[in-house]
Amino acid sequence: MNAVDDRIKLEAGWKNALREEFDKPYMRELSEFLRDETAAGKEIYPPRPLIFNALNLTPLDQVKVVIIGQDPYHGPGQAHGLCFSVQPGVAPPPSLLNIYKELKRDQNIEIAQHGCLQSWAEQGVLLLNTSLTVERALAGSHAGKGWQLFTDKVIEVVSTHQPRLVFLLWGAHAQKKESLIDSTKHLILRSPHPSPLSAHRGFIGNGHFGRTNKFLLQHGLEPIDWRLPELSQG
């Protein structure tokens, strides 16, 4: 318990719900792996203070929508702990551009000039990667190191805790998590991944953004404003 309180900066609701995970052997082994990798001079993304950014920006009690990604971006300066999102000043990657194209088609929202989705997170969209770290230039390098046990627990916790959620499962990797979700109370929307390899097989045209807001409104919840504010230059 002390490890969570002293070393991990985590939003209070998530910290309380996930406290026991940090005492489990897999999490201690994962922590040791990350320390060893860093000591060996390897660059790990995102920066350590941003590893739990998705949970810290979207408190457990405020989650309305869950989007499940896979790995953090593995290029310098990109990842900041939110799936599909990049830090301010970084051009939107191809998958995110396809997300913007579907937003334009579905909601007539102009394509943003940046790739930072923080405003979604602050409105209750949990932007969760299933691995929370990656080594520079090595996609998938931290898969199988323990993160998926942790993020599976995150999905179970939010599914149990919140009364009505929308889960956006884009692609096969995200759809493998469906068994963790209580489909009797949550809306689960599935489509191909927004990657350029698959977006035109059904991601473009899925209507998920409009369907999400319709569900939220039907259950007395504030819809998500999918428009992204311009980033201040200062």
Side-chain angles (χ1 to χ4, degrees), residues 8-19 21-22 46 49-73 79-87 95-96 99 102-103 115-134 147-171 173-183 185-191 193-194 206 208-217 219 221-229:
I8 305 294
K9 179 184 177 292
L10 203 58
E11 185 272 328
W14 286 115
K15 181 183 284 189
N16 185 54
L18 297 168
R19 188 178 299 276
E21 294 303 297
F22 289 91
L50 298 178
I51 288 174
F52 295 106
N53 206 22
L55 304 181
N56 286 326
L57 286 175
T58 313
L60 177 56
D61 287 343
Q62 295 175 27
V63 179
K64 295 189 280 189
V65 181
V66 181
I67 300 178
I68 299 174
Q70 191 162 349
D71 252 4
Y73 293 115
H80 63 141
L82 306 177
C83 72
F84 294 106
S85 180
V86 288
Q87 298 200 48
S95 291
L96 184 52
I99 291 171
E102 175 56 17
L103 266 175
C116 181
L117 304 181
Q118 183 165 326
S119 70
W120 293 3
E122 291 169 346
Q123 294 178 73
V125 182
L126 179 63
L127 296 165
L128 182 71
N129 279 314
T130 57
S131 289
L132 298 190
T133 57
V134 71
W147 276 129
Q148 294 199 21
L149 294 170
F150 179 78
T151 53
D152 280 0
K153 184 65 174 180
V154 169
I155 295 167
E156 288 178 357
V157 161
V158 74
S159 173
T160 301
H161 186 275
Q162 293 294 79
R164 292 285 184 270
L165 294 172
V166 182
F167 285 84
L168 303 182
L169 305 184
W170 297 337
H173 180 81
Q175 288 160 18
K176 288 177 183 174
K177 305 301 179 184
E178 188 168 345
S179 63
L180 304 169
I181 302 164
D182 184 349
S183 60
K185 62 178 184 173
H186 304 306
L187 175 63
I188 301 172
L189 300 177
R190 309 164 200 81
S191 84
H193 194 276
N206 67 19
H208 282 186
F209 300 103
R211 291 169 69 187
T212 293
N213 279 348
K214 182 180 178 182
F215 179 87
L216 295 176
L217 284 166
H219 292 92
L221 298 167
E222 191 75 21
I224 304 299
D225 183 354
W226 298 109
R227 294 170 299 175
L228 293 169

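Since we're looking at a predicted model, the values are computed, not measured. The figures here come from the full heavy-atom set of this structure, side chains too, leaving out hydrogens, waters and symmetry mates.
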Value for CD1 (I68) from CG (L169), rounded to nearest 0.5 Å, stands at 5.0 Å

Below 3.5 Å, can you tabulate the donor-acceptor pairs from side chains in residues 118-127 to any protein atom, sequence neighbours excluded?
from	atom 1	to	atom 2	distance (Å)
Q118	NE2	E122	OE2	2.8
W120	NE1	W226	O	3.0
Q123	OE1	D225	N	2.8
Q123	NE2	S119	O	3.2
Q123	NE2	D225	O	2.9

Indicate yes or no: at least one non-hydrogen side-chain atom of C116 is less than 4.5 angstrom from one of H80.
-> yes

Give, for atom CD of E11 and atom OG1 of T58, the distance between the pair rounded to the nearest 0.5 Å.
-> 9.0 Å

Roughly how far, to the nearest 0.5 Å, is CG of L168 from CD1 of I67?
-> 5.0 Å

Rounded to the nearest 0.5 Å, how far apart are CG of N56 and CG of L10?
-> 5.5 Å

pair F209-I99: side-chain heavy atoms closer than 4.5 Å | yes

For Q162 against V63, the heavy-atom pair lying closest together | NE2-O, 2.9 Å

For residues I51 and W147, determine if any side-chain heavy atom of one lies less than 4.5 Å from a side-chain heavy atom of the other.
-> yes

Taking the side chain from Q70 and the backbone from C83, do they hold a donor-acceptor pair closer than 3.5 Å?
-> no

For residues 152-160, tabulate all N or O donor-acceptor pairs below 3.5 Å that involve a side-chain atom, not counting sequence neighbours.
from	atom 1	to	atom 2	distance (Å)
D152	OD1	K177	NZ	2.8
S159	OG	D182	N	2.9
T160	OG1	E156	O	2.9

Exercise: identify the closest heavy-atom pair between H186 and I181 | CD2-CG2, 4.1 Å

Just by modelled atom types, is the E222 backbone N or O under 3.5 Å from a matching donor or acceptor in the K64 side chain?
-> yes

Hey, could you give me the CG/CG distance between N53 and N129, rounded to the nearest 0.5 Å?
-> 11.0 Å

Establish, yes or no, whether a centroid distance under 6.0 Å links the rings of W170 and F84.
-> yes

State the OG1-CZ distance between T212 and F167, to the nearest 0.5 angstrom.
-> 11.5 Å

Looking at S131 and P72, what are the two nearest heavy atoms and their distance?
-> O-CD, 3.2 Å

Which atom of R211 lies closest to which atom of N206, heavy atoms considered = NH1-O, 3.7 Å

Report yes if the side chains of D61 and H161 come closer than 4.5 Å at any heavy-atom pair, otherwise no.
-> yes

Verify the neighbour count for atom CZ of R227: are there more than 12 heavy atoms of other residues, nucleotides or ligands below 6.0 Å?
-> no

Whether over 12 other heavy atoms sit under 6.0 Å from K176 NZ = no

Between P223 and L217, what is the shortest heavy-atom contact and its length?
-> CD-CD2, 3.7 Å

Determine the minimum heavy-atom distance between Q175 and S191, stating which atoms define it.
-> NE2-O, 2.9 Å

Taking only residues two or more places apart in sequence or in another chain, which ones pass ring pair (Phe, Tyr, Trp, His ring centres under 6.0 Å) with H219?
-> F215

